[in-house]
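Presented below is the structure to which this report refers.
The shown structure was predicted, so the numbers you read here are calculated from the model rather than taken from an experiment. Excluded from the calculations below are hydrogen atoms, water molecules and symmetry mates; all remaining heavy atoms, backbone and side chain alike, are included.
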Amino acid sequence: MQTDIDFQQFKKSVYEIVSQIPKGRVLTYGDIARLAGRPNHARFVGHLMGTVSHSRHLPCYRVVNAKGRLAPQWPKQKELLAAEGVKSTVDKQGRITLDLRCYRWQVFSNHPF
DNA sequence: AAATTGACGGTTA
DNA sequence: GTAACCGCCAATT
């Protein structure tokens, strides 16, 4: 049963995990949701990143979606990542993408490749 | 209280 | 490779 207490705990875990992403590495929203024990909350992780980016200082710019895309409407994210050596490209539609195979933080040591 | 929204993800076309 | 669709679920309207 998902009590409010559980949910606060989940949020706390999310912050903890994001704060531990190494410089020059990234995680996906889904990765963080799974690590925090709520595999179905990837969407809410994104919501959290948006709401805390102004209040807390977490490296939320190191979080991207499952395809390696950066957050829309946040040009700054590309610069912040580039400053750590993380390269990304912009396509015709303005979507910014990085290569997860290069930069994803391998917290799941049992993950293939 | 009901419907819509979204920094998501996986499947399907 | 892309786009559309669906399941997800707290937050917002």
[N] [atom2] sits how many Å from [X] [atom1], rounded?
{"X": "A:His41", "N": "B:dT5", "atom1": "NE2", "atom2": "P", "value": "21 Å"}
{"X": "A:Leu70", "N": "B:dC8", "atom1": "CG", "atom2": "C1'", "value": "15 Å"}
{"X": "A:Leu48", "N": "C:dC9", "atom1": "CG", "atom2": "P", "value": "15 Å"}
{"X": "A:Tyr29", "N": "B:dA7", "atom1": "OH", "atom2": "P", "value": "8 Å"}
{"X": "A:Leu100", "N": "B:dC8", "atom1": "CG", "atom2": "P", "value": "13 Å"}
{"X": "A:Leu58", "N": "B:dA7", "atom1": "CG", "atom2": "P", "value": "18 Å"}
{"X": "A:Phe7", "N": "C:dC8", "atom1": "CZ", "atom2": "C1'", "value": "13 Å"}
{"X": "A:Lys11", "N": "C:dA11", "atom1": "NZ", "atom2": "C1'", "value": "10 Å"}

Heavy atoms only: give me the nearest [X]-[Y] pair and the separation to one decimal.
{"X": "A:Cys60", "Y": "A:Met49", "answer": "CB-SD, 3.5 Å"}
{"X": "A:Ala33", "Y": "A:Ala42", "answer": "CB-N, 3.6 Å"}
{"X": "A:Lys11", "Y": "A:Leu48", "answer": "CD-CD2, 3.6 Å"}

Practice task
Answer yes when A:Arg25 and A:Glu84 have at least one side-chain N-carboxylate O distance shorter than 4.0 Å, and no when they do not.
Solution key: no
Problem - A:Arg104 and A:Asp99 ion-paired at < 4.0 Å - result: no
Exercise for the section: Please work out if A:Phe44 contacts a base, only the sugar-phosphate, or nothing of the nucleic acid, heavy-atom cut-off 4.0 Å. Expected result: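 Sugar-phosphate contact only - A:Phe44 comes under 4.0 Å of backbone atoms but never of a base.
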Practice task
Give A:Ala71 one of three labels, base, sugar-phosphate or nothing, depending on what nucleic acid heavy atoms sit under 4.0 Å from its own.
Solution key: base
Problem - Earlier contact from the 5' end, DNA chain C, for A:His47 and A:Arg43 - result: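 Final value for this comparison: A:Arg43.
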Handout entry: Ring centers of A:Phe44, A:Phe7 separated by less than 6.0 Å
Key = yes
Exercise for the section: Looking only at side-chain atoms of A:Arg34, point me to the closest of B:dA7, C:dC9, B:dG10. Expected result: B:dG10
Practice task
Determine whether A:Trp105 and A:Asp31 make a side-chain contact, defined as any pair of heavy atoms from C-beta on separated by less than 4.5 Å.
Solution key: no
Problem - Close side-chain approach of A:Lys87 to A:Tyr103, heavy-atom, < 4.5 Å - result: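 Yes, side chains in contact.
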Protein-nucleotides 3-5 of chain C N/O pairs under 3.5 Å:
| residue | atom | partner | partner atom | Å |
| --- | --- | --- | --- | --- |
| C:dA3 | OP1 | A:Gln93 | NE2 | 3.3 |
| C:dA3 | OP2 | A:Arg95 | NH1 | 3.2 |

Completion exercise
So, with a heavy-atom separation below 4.0 Å from DNA chain B, the residues of residues 73-92 of chain A are A:Trp74
Handout entry: Phosphate contact (C:dC9 OP1 or OP2) by A:Asn40 side-chain N/O below 4.0 Å
Key =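 For A:Asn40, the contact criterion (side-chain N or O under 4.0 Å from OP1 or OP2 of C:dC9) is met.
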Problem - Option among A:Val26, A:Thr28, A:Ile21 that satisfies the side-chain contact (heavy atoms from CB on, under 4.5 Å) test with A:Val63 - result: A:Ile21
